[in-house]
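Both counts, for ligands and for their atoms, begin at 1 and track the order of listing. Just so it is clear, the values below take in all heavy atoms, side chains as well, and ignore hydrogens, waters and symmetry mates.
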Amino acid sequence: MLELLDICAGYGDTRVLREVSLWVPPRSVVALLGTNGAGKTTTLRVASGLLAPTSGRLLLGGQDLTGSPPHALARRGVCHVPEGRGVFPHLTVRDNILVQAAGGDVDEAVEKAVSAFPVLGRKIRQPAGSMSGGQQQMLALARAYVTSPAYVLLDEVSMGLAPVVVDEIFEFLGKLAGSGCALLLVEQYVTRALELADYVYLMNRGRIDFAGEPGELDSARLMEQYLGAQ
Ligand code: ATP
């Protein structure tokens, strides 16, 4: 279980998260939804060790990892796919995978990445930056996948992509979840996120103000208040 307990965090003097508690059980899909600026990205940064909380605790498998650096969490199976993808545009697709698979079998990693998104096989020697936005997002997801993570934190991975690409990405996320990997999903496509999710948190102004199963979220008022017109 990945646990955030009473987390407060921010940037300099700006307080963003206010006593956020959130649980991601192994093999579950948890959606974290909310308005722009609510603190969803900040929550993922805390969960992957990119941002140390000012108070509260981050636990993984019961072990207190508060203040641990990102690589310590990555080593324990927590993988963050950031907003904006985070691929290296000047490196080839293969080298992007190689960087992620450091220390492991590169050919095996490439094979695994291509099995997730076959288009990557056809672009394997091209600079990542020469691919379309959708293909770069597939590469970002494939890079996470090759590490066989236990928890993947996904920040708006469908943002700005064509509907057909979004379909492919959600199909992959479904398979990833089906393979036993837990997902913490920040997503603008609320309906799709809820289809996949076992559990949902709604965030507003740095606080969690709803936690429950997607089926409990049928209140039109909640949808309207937090999630806009979707
Ligand atoms: P969005 O959907 O717009 O990405 P979000 O829910 O992910 O929103 P965050 O990105 O976590 O929200 O931002 C929460 C608040 O923190 C916002 O008010 C934002 O302006 C502020 N913030 C985010 N990053 C920084 C930063 N590096 N320095 C200062 N303030 C920041």
side-chain hydrogen bond (donor to acceptor under 3.5 Å, both in side chains), that's the test. Do Ser158 and Glu187 meet it? Break it down for me. CA-CA 7 Å; Ser158 66; Glu187 187 47 63; 2.4 Å; yes
With respect to atom 6 (O) of ligand 1, which of Arg15, Glu156, Lys40 exhibits the smallest heavy-atom separation? Lys40
Could you pull out, from Asn36, Thr41, Asp13, Asn204, the option with a heavy atom nearest to atom 10 (O) of ligand 1? Thr41
Nearest-neighbour protein heavy atom for [atom], which is reported as residue plus atom name and distance:
atom                    : value
atom 9 (P) of ligand 1  : Thr42 OG1, 3.6 Å
atom 3 (O) of ligand 1  : Gly37 N, 3.3 Å
atom 31 (C) of ligand 1 : Tyr11 CD1, 3.3 Å

Within the distance-only criterion (no hydrogens, no angle test), does the side chain of [X] pair as donor or acceptor with the backbone N or O of [Y] below 3.5 angstrom?
X      : Y      : value
Glu19  : Asp6   : no
Glu108 : Asp105 : no
Lys40  : Leu33  : no
Asp95  : Leu91  : no
Ser130 : Gln126 : no

Taking 4.0 angstrom as the limit and counting only heavy atoms of [X], give me the atoms of ligand 1 inside it, by number and element.
X     : answer
Glu83 : 4 (O)
Gly39 : 5 (P), 6 (O), 9 (P), 11 (O), 12 (O), 14 (C)
Thr35 : 6 (O)
Ala38 : 5 (P), 6 (O), 12 (O)

Sub-6.0 Å ring centroid separation between Phe172 and Tyr145: yes
Under-4.0 Å heavy-atom contact between protein and atom 19 (C) of ligand 1: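 Given the 4.0 Å cut-off, atom 19 (C) of ligand 1 does not count as touching protein heavy atoms.
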Side chain to side chain donor-acceptor pair (under 3.5 Å) involving Asp64 - partner list, sequence neighbours excluded: Thr66
So, does Val16 sit close enough to ligand 1 that a heavy atom of it is under 4.0 Å from the ligand? yes
Any Gln188 heavy atom less than 4.0 Å to ligand 1: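 Not so, Gln188 does not reach ligand 1.
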